[in-house]
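Just so we're on the same page: letters track the sequence lines, and every chain starts at 1.
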Amino acid sequence: MPSSVFTRVAGIALVLSVTATAIVTAAPADVAMIKSRQDKLRDMGSALKQIDDELKRRSPDWDNVIQPNVQILHDRSPFLQKWFPKGSGPEAGAKTYALPAIWQKGDDFAKHARGMIAEAAKLEQVFAKKDASELRAQVIALGKTCKGCHDDYRSPDYEKDAEQ
Amino acid sequence: MSVPGVGGDQKAASSLRTLRVWDSPTRAMHWVLVIAIGVCWWTGENDELEYHHYAGYVALWVILMRVYWGFVGSSTAKFANFVRGPQTVFKYVRTLHLRNTPATLGHNALGAISVLVLLATALAVVVTGLFAVDIDVLYSGPLSMYVDFREGRWFARWHSTLFDVLLVVIALHLLAVAFYYAYKRQNLVASMITGRRKVAEASGEELQVAPVWRFAAGAVIVSAAVWVVTTGFFY
Ligand code: HEM
């Protein structure tokens, strides 16, 4: 009977659209925050890498390569903590390696963040001297603050996943 | 009545002969690679990346040396002498269930595949490691400066995936060794340590040992190559 076919199609369409809406609304600010913080963190990783690579060259390009990347690290590091609002952990439903400990031990997480901010600020000061070996030492000092936080607050499972 | 080649039989044992099958470089390379891979595994999983790099370079050195030895080494180490076509492999596989087949002087047709797959997989793990980027940049591979951050993360992922593949290949390798020991009564591990194997009767085939200087010459070249790689060609 055509009318029952119609009801069925309409029913399926209704179910589908409700599901779709549910998926879209279940992807609120937290999911967007996870995606965007991972992008920004990758930019910071990329910046640190580019400085490090450039310093291995015989004559590093201070103005076109190193300077903008020092700027990225210096400008972004003060905001890192804000990229981890409550609710943007694994419970948000998006792929994240942020561990729940971030919100359980907020003070310690903040301490790691401050350590990085201090070393990133120092990176800018050392940059002004344009001394390759001194800047390289500072890149390592900053990298250690990144690693210090990752060791405690980033899940090591990231290696096992296909993306990122 | 006694079946030649089956261990435990007194009469057969008395007629057993000892034959050299592996030269010392081949044995040494085998065990150093085992240790290097073990150290790479432990240091990789436990975030000891500085030592991970060193162990990885040792693995790279051994793999390159083994490939070199596969061309100019002793007879049982040479690829040309043990790598066989699919037909021979298939024929060999059909005799696998027989318990008293004679042991081959070097690798058997199936073992040859295992050697090639192990070397290729281990090399793939090492090469992806050389280009891998660590997110905090402290311990990126020495060739990572030739790729950007994204590409380097891609290498890091493959490095991890290929290592899992390597573990599977190693597991198959060990299973095969266990099968030969339990079912065919051939102790392949002892041979890889002592370089010798007991056979019922000599087939007339003998191990042709390559001169040591040839190994030394390769070692000089391969060491230089590995060192250049570790500096990222910025020597
Ligand atoms: C046979 C040789 C090697 C083996 C078996 C091996 C194995 C491993 C393992 C198991 C991990 C940990 C992955 C995980 O957490 O799941 C790892 C990580 C890593 N390996 Fe290797 N590796 C080898 C050689 C190398 C070499 C030669 C280099 C470069 C010098 C290298 C650089 C790295 C880096 C940078 C990481 C960390 C990647 C990250 O943080 O994402 N590896 N490796």
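Considering NE2 of A:H150 and CD1 of B:I135, their distance stands at 4.0 Å, rounded to 0.5 Å. Going from atom NZ of A:K49 over to atom OG of B:S144 covers 5.0 Å, rounded to the nearest 0.5 Å. Rounded to the nearest 0.5 angstrom, B:F233 CZ and A:K56 NZ are separated by 13.5 Å. Here CG of A:L142 is found 9.0 Å from CG of B:L138. Values are rounded to the nearest 0.5 Å.
Residue A:L48 comes nearest to B:D136 through the heavy atom pair CD2-O, 3.8 Å, listed as atom of the first residue, atom of the second, then distance.
Atom NZ of A:K144 is surrounded by 12 or fewer heavy atoms from other residues, nucleotides or ligands within 6.0 Å. Counting non-hydrogen atoms of other residues, nucleotides and ligands closer than 6.0 Å to CZ of B:F179 gives a total above 12. Residue B:Y146 places its OH atom among more than 12 non-hydrogen atoms of other residues, nucleotides or ligands, all under 6.0 Å distant.
Legend: side chain to side chain donor-acceptor pair (under 3.5 Å) pairs involving residues 59-68 of chain B, not counting sequence neighbours, sorted by first then second residue: B:W61-B:S223.
Scored by the salt bridge (Lys or Arg N to Asp or Glu O under 4.0 Å) test, B:K78 finds no partners at all (sequence neighbours excluded).
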